[in-house]
Each structure stands twice: as structure tokens, then as C-alpha cells.
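Because only heavy atoms are used, hydrogens play no part in the values below, and waters and symmetry mates are left out as well, while side chains stay in. Throughout, numbering of the chain's residues begins at 1 and tracks the sequence.
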Amino acid sequence: MSTGLRIGVLGPMTATVDGREVALGGPRQRAVLAVLMAARGHLVTQDALIAQAWDERRAPSPATLHSYVAALRKALEPGREAGQTAGVLVREHIGYALRISQDAVDAERFTVLAARGEELLRGGDAERAATVLGKALALWRGPPYAEFERHAFALVATRTARGRPARRLRHDGSSTGPKESPRRKVGGANGIDDQSR
């Protein structure tokens with residue numbers, strides 16, 4: 001596993017390795033990675049990966065998928081030597097899975113920060129809550145999986161991302177995530193929504 005890997009899905013999908021952005025390829029290759037990201041570490045069978053990434057378009061040959069996987073492995077693990085077993089995008093049985101830490105994904109970091117901010121707010125520490133929630137909101141660069149909004153997998157992943165602790169922060173109704181600044185709302189009557197999942 002590449003400890004310097006970071007992947008962003010709260011907006012257009014991005015990836016960096018040791019702070020440097022890496023190229024993720026064309027739209028279909030990026031879709032392959034996005035499907036695996038949306039699965040959050042679970043196995044995606046080869047057939048399901050093709051069906052979701054191509055989304056009702058003419059399915060490619062397995063060889064095309066394999067070439068995309070190879071290119072993504074090279075991008076996400078640039079230091080991996082030829083013949084060395086992949087540690088990030090791994091083959092398991094009849095499919096693939098991503099093996100990355102939660103901290104490597106902006107959506108997962110948002111979940112942790114938002115929950116921590118709520119905890120601080122409930123404990124009466126509005127100042128620190130505002131700082132933590134501000135960091136959480138800053139992770140949003142646009143709608144989750146923005147470039148894949150018409151793909152079925154992205155609709156589910158977007159609902160999941162927006163349905164985490166973000167649901168407790170007031171939304172402006174758009175698909176870009178929480179909008180109001182926690183420094184204006186935190187501690188006030190309108191800062192936290194009483195709805196539960």
C-alpha cells in the first residue's frame with residue numbers, strides 16, 4: 001500500500017502520490033477507478049466493474065479492462081517494480097478491490113472531521129468545533145464523483161457521501177455538499193439539524 005497516496009472524490013476525481021498529482025487517464029479508465037472507489041474497499045467483480053464503468057454503453061473486451069487496471073496501478077503505485085504484487089488496486093478471485101487507508105480519501109476524512117466537530121459542539125466547545133467543521137467543509141470541491149454524475153454507481157455513492165455526518169450540517173439544497181460557514185452557524189439554533197439517518 002502506498003502511504004503517500006491521496007484520492008479525492010468530493011468534486012472531480014483527483015489523485016496524488018507524495019503530494020504530486022498523478023494522471024488517471026481518459027474518461028473510461030477514470031470511471032474504472034471511480035467504481036472501485038465507490039465500493040469502499042469491497043470486491044467488485046470483473047463483470048460488475050465493466051457494467052458500471054461503461055454504464056449501458058457497449059462493453060469492452062476483458063483485455064481493455066485489464067489494460068486500464070495496469071495503467072491505474074502504475075499511476076497509483078509509481079514505485080512498484082515490474083512483477084511486484086500490487087498493493088493498492090488488487091486482484092481478488094473474480095474481481096478487483098482498492099486497498100487504501102480511510103485517511104487517504106477526502107470523503108472519509110470529511111466523515112471523521114464532521115463527526116469530531118459535532119462531538120465538540122455537543123460538548124460545548126464551539127470554537128474548536130468551528131475550526132474542525134471548517135476543515136471538513138473545505139474538503140468539498142464540488143459534487144461527489146462530479147464527472148460521473150450520470151453513472152448509476154455515482155448516484156448511489158453521492159447519496160452515501162452526502163448522507164454521512166454531512167446530513168447534520170445545514171445544506172443549501174445543491175449537490176455540492178454543506179455550504180454555510182460553521183463559524184456563522186455553529187452553536188446557534190440553526191447550526192445543527194436534528195434529523196437522524
**OP:** Could you tell me which residues satisfy side-chain contact (heavy atoms from CB on, under 4.5 Å) with A23, sequence neighbours excluded, listed by chain and number?
**Re:** none
Original post:
How are the rings of F153 and F148 set to each other: parallel, tilted or perpendicular (split at 30° and 60°)?
Top reply: tilted
Original post:
Are D106 and V9 close enough that some pair of their side-chain heavy atoms sits under 4.5 Å apart?
Top reply: yes
Original post:
Do T14 and L24 come within less than 4.5 Å of each other through their side chains, counting heavy atoms only?
Top reply: no
Original post:
What residues, two or more places apart in sequence or in another chain, satisfy side-chain contact (heavy atoms from CB on, under 4.5 Å) together with V90?
Top reply: E92, A97, R99
Subject >> Spacing of T131 atom OG1 and L113 atom CG [to the nearest 0.5 Å] >> reply: 11.5 Å
Subject >> Between CG on residue L121 and CD on residue E118, distance to nearest 0.5 Å >> reply: 8.0 Å
**OP:** Report the C-alpha separation of M37 and I100 in whole Å, then their side-chain angles, then the decisive distance to 0.1 Å, and conclude whether the side-chain contact (heavy atoms from CB on, under 4.5 Å) test is met.
**Re:** CA-CA 10 Å; M37 287 295 300; I100 55 179; 3.9 Å; yes
Subject >> Contacts of R91 that satisfy salt bridge (charged side-chain N to carboxylate O under 4.0 Å, His left out) - sequence neighbours left out >> reply: none
**OP:** Check whether any side-chain heavy atom of E149 lies under 4.5 Å from a side-chain heavy atom of P143, and answer yes or no.
**Re:** no
Original post:
Would L98 and L33 count as a side-chain contact (heavy atoms from CB on, under 4.5 Å) if you check the C-alpha gap in whole Å, the side-chain angles of each, and the deciding distance to 0.1 Å?
Top reply: CA-CA 9 Å; L98 282 177; L33 177 59; 3.8 Å; yes
Original post:
Should L43 and V35 be regarded as members of a common hydrophobic cluster, given that ILVMFWY residues are connected when their side-chain heavy atoms come within less than 4.5 Å of each other, either directly or indirectly?
Top reply: no
Original post:
Can you name the salt bridge (charged side-chain N to carboxylate O under 4.0 Å, His left out) partners of R73, sequence neighbours left out?
Top reply: none
Original post:
Who pairs with R109 by salt bridge (charged side-chain N to carboxylate O under 4.0 Å, His left out), at least two apart in sequence or on another chain?
Top reply: none
Original post:
What residues, two or more places apart in sequence or in another chain, satisfy salt bridge (charged side-chain N to carboxylate O under 4.0 Å, His left out) together with D125?
Top reply: R128
Original post:
Heavy-atom distance under 4.5 Å between the side chains of L65 and Y96, does that happen here?
Top reply: yes
**OP:** Compare all side-chain heavy atoms of R30 with those of L72 and state whether any distance is below 4.5 angstrom.
**Re:** no
